[in-house]
Participant: 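Please find one structure pasted underneath; my questions will follow.
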Amino acid sequence: MKPKASTGFTRRLLMTAAAVIGLAPVALVQNSGAQAADPQTFFVLNNPNDANFNQLLGINNGNVIVGYFGDGMGTPNNGYVLVPPNHYTLDFNLLNFTLPNGGNTASQVQAIGINDATALAGATPFPDIVGFYTDQAMPPATHGFLDSFGTQSTIDDPAGLPPNVTTPVQNLLGINNALRAAGFWTDNAGHENGFVAEITPNTTPVAARFAEFRPAQVNADLGLVPPNAAVATQTSDITNNNLVCGFYTDGNDINHGFEVFFNTGNHTFNRTLPLTPNPAQIPNVKSLSPFGCNDNGAVVGSYTANDGTVHGFVFDGTDWHKYDAAGSSQTPAFGVQGTFINGINNAGTIVGFFSDGQNVNGFVYFAPVR
């Protein structure tokens, strides 16, 4: 799962944020304890409500970022929208979050994926946001959500709801401009099952058609057999070209990257393509987890090396690049080790988070990784 949710909920501050989307990266100023060689490209961006734990998870082509603060234990997950360097909204702050189906407020919220323009709001271009929220039922259930122009809707795959599973755990992780969203649900064995939701905005409530990307398809397409066969799949993101990136987990609990095109004509997936690092460029990769991709063929994520260290990676469509955020540490903080890259836009700007040995920090890097 990504470190990675009542209709009528109105985003109070996002219009202010939208007014400054055009800020150029060179104009940003952000003090941080971590600096890259060029201080105008790398920024540590932590929400002032929690300096100890932040994750930046998605970025669109207007450089609008989604993420959350709070480790989920001492401080609950609180999702937010950010236009760098410091234009925050309180869209998904727990104090202001109402469950789409009414009732109590959510106990956890993460904003994870963001697109460029809305279909739900008609002609006015505005980002759609996806993520998850956890309700306060006993036991609590976790649901995917879509937020489109201030209207929030629960998006849950029926395959991952009772009676098929006992306690639902669902996430939406990425969304394209056609309102196709990638995500997963978790079965009773704790295994993730990926899907793409084709969201229909002109219904009340908002409806979705789900296409399952199960481990069985990966095994059939790639000819895998136990213990190397897939037991879980995560569809992490979907581009405007309908290319889905993600990873499967095998019987040895090792993650492997994949890409697969979503066929919009028959609402199924084409043949799975393995996404394997070039060992001459990134050697000693033990486990690879892609989390984001863009329209130009780039894929980002993290990997665990054979020595147990954790690093970010960028695959630019041709070459593989290791990326460690400035100031990152292999000493875990709140269970996070090293660097994770979670999102990339078409300009090559990446967002993610890293451990500095004590805290977990969100970051944005505006220069394409080379």
Side-chain angles (χ1 to χ4, degrees), residues 2-4 25 32-45 54-59 65 67 174 234 236-237 239 243 245-250 253-259 273-294 296-333 335-357 359-370:
K2 284 195 179 184
K4 312 140 127 121
S32 74
Q35 295 292 331
D38 180 354
Q40 297 301 313
T41 58
F42 178 84
F43 301 90
V44 174
L45 299 177
N54 278 257
Q55 294 188 4
L56 301 185
L57 302 180
I59 183 168
I65 297 169
Q234 176 174 299
S236 301
D237 201 3
T239 71
L243 180 66
C245 60
F247 57 92
Y248 70 88
T249 305
D250 67 22
D253 203 29
I254 302 298
N255 292 343
H256 307 265
F258 68 77
E259 295 178 307
L273 303 174
L275 191 63
T276 305
N278 181 342
Q281 296 175 327
I282 302 183
N284 302 315
V285 174
K286 179 180 180 180
S287 184
L288 185 86
S289 302
F291 293 133
C293 39
N294 70 13
N296 299 322
V299 181
V300 296
S302 70
Y303 71 91
T304 301
N306 289 328
D307 62 3
T309 57
V310 179
H311 311 272
F313 76 84
V314 176
F315 173 60
D316 63 18
T318 302
D319 296 314
W320 292 79
H321 309 273
K322 171 183 173 182
Y323 182 82
D324 292 318
S328 64
S329 171
Q330 294 300 325
T331 300
V336 174
Q337 175 186 351
T339 298
F340 289 74
I341 306 174
N342 223 81
I344 184 169
N345 65 16
N346 288 346
T349 299
I350 59 174
V351 294
F353 54 94
F354 65 92
S355 166
D356 64 12
N359 300 314
V360 176
N361 305 281
F363 75 87
V364 58
Y365 183 62
F366 284 99
V369 174
R370 300 290 185 230

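Side chains are part of it too, since the values below use all heavy atoms of this structure and drop only hydrogens, waters and symmetry mates.
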Participant: Can you name the nearest heavy-atom pair linking P368 to A347, along with the distance?
Facilitator: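 That would be CG-O, 3.5 Å.
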Participant: Evaluate the criterion side chain to side chain contact (heavy atoms under 4.5 Å, CB included) for residue pair N342 and Q55; output intermediate values, then yes/no.
Facilitator: CA-CA 9 Å; N342 223 81; Q55 294 188 4; over 6 Å; no
Participant: Taking the side chain as everything from C-beta on, heavy atoms only, tell me whether T41 gets closer than 4.5 Å to Y365.
Facilitator: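 Yes, close enough: below the 4.5 Å cut-off.
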Participant: Give me the atom names and distance for the closest heavy-atom approach of V351 to L57.
Facilitator: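 Minimum heavy-atom contact is CG2-C, 3.9 Å.
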Participant: Where do N294 and T239 come nearest, in terms of heavy atoms and distance?
Facilitator: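 Closest pair (atom of N294, atom of T239, distance): O-CG2, 3.3 Å.
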Participant: Side-chain polar contacts of residues 276-283 - donor-acceptor pairs under 3.5 angstrom, sequence neighbours left out - could you list them?
Facilitator:
unit_1 : atom_1 : unit_2 : atom_2 : d
N278   : OD1    : A280   : N      : 2.9
Q281   : OE1    : W320   : N      : 2.8
Q281   : NE2    : D319   : OD1    : 2.8

Participant: Taking the side chain from N296 and the backbone from N346, do they hold a donor-acceptor pair closer than 3.5 Å?
Facilitator: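 Such a contact is found between N296 side chain and N346 backbone.
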Participant: Any donor-acceptor pair under 3.5 Å linking the side chain of S355 with the backbone of T331?
Facilitator: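 At least one qualifying donor-acceptor pair exists.
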Participant: Between the side chain of D237 and the main-chain N/O of C293, is any donor-acceptor distance below 3.5 Å?
Facilitator: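 Yes, because the side chain of D237 sits within donor-acceptor range (under 3.5 Å) of the backbone of C293.
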Participant: Do the ring planes of F354 and F363 sit parallel (below 30°), tilted (30 to 60°) or perpendicular (above 60°)?
Facilitator: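 Judged by the thresholds at 30° and 60°, the geometry between F354 and F363 is tilted.
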Participant: Can any side-chain N or O of Q330 pair as donor or acceptor with the backbone N or O of Q337 at less than 3.5 Å?
Facilitator: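 Absent.
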Participant: Can you tell me if T339 uses its side chain to pair, donor with acceptor, with the backbone of A325 under 3.5 Å?
Facilitator: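 Yes, because the side chain of T339 sits within donor-acceptor range (under 3.5 Å) of the backbone of A325.
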Participant: With sequence neighbours excluded, what pairs up with L273 under the side-chain contact (heavy atoms from CB on, under 4.5 Å) test?
Facilitator: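 Residues passing side-chain contact (heavy atoms from CB on, under 4.5 Å) with L273: none at all.
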Participant: At their closest point, which heavy atom of D356 faces which heavy atom of N361, and how far apart are they?
Facilitator: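 Minimum heavy-atom separation between D356 and N361: OD2-ND2, 3.2 Å.
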Participant: Rounded to the nearest 0.5 Å, how far apart are CD1 of I350 and CZ of F340?
Facilitator: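 Atom-to-atom, I350:CD1 and F340:CZ are 14.0 Å apart.
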Participant: Assign the ring pair Y248 / H256 to parallel, tilted or perpendicular, where the plane angle (0 to 90°) is split at 30° and 60°.
Facilitator: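 Plane angle under 30°, so parallel.
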Participant: I need the I59 CD1 to I344 CD1 distance, nearest 0.5 Å.
Facilitator: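 Going from the CD1 atom of I59 to the CD1 atom of I344 covers 9.5 Å.
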Participant: Give me the atom names and distance for the closest heavy-atom approach of L275 to F258.
Facilitator: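 Distance-wise, the nearest heavy atoms are CB-N, 3.7 Å.
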Participant: Heavy atoms only: give me the nearest Y303-V285 pair and the separation to one decimal.
Facilitator: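 What the structure gives for the nearest pair is CD1-CG2, 3.8 Å.
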Participant: Quick check: are there more than 12 heavy atoms from other residues, nucleotides or ligands sitting under 6.0 Å from CG of D253?
Facilitator: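 Open.
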Participant: V369 vs F313, test: side chain to side chain contact (heavy atoms under 4.5 Å, CB included). Steps then yes/no.
Facilitator: CA-CA 9 Å; V369 174; F313 76 84; over 6 Å; no
Participant: Under the side chain to side chain contact (heavy atoms under 4.5 Å, CB included) rule, what do N255 and Q234 come out as? Steps first, then yes or no, please.
Facilitator: CA-CA 10 Å; N255 292 343; Q234 176 174 299; over 6 Å; no
Participant: Mind checking side-chain contact (heavy atoms from CB on, under 4.5 Å) for D307 and listing every partner two or more places apart, or none if nothing turns up?
Facilitator: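 Partners of D307 by the side-chain contact (heavy atoms from CB on, under 4.5 Å) criterion, ordered by chain and then number, come out as A305, T309.
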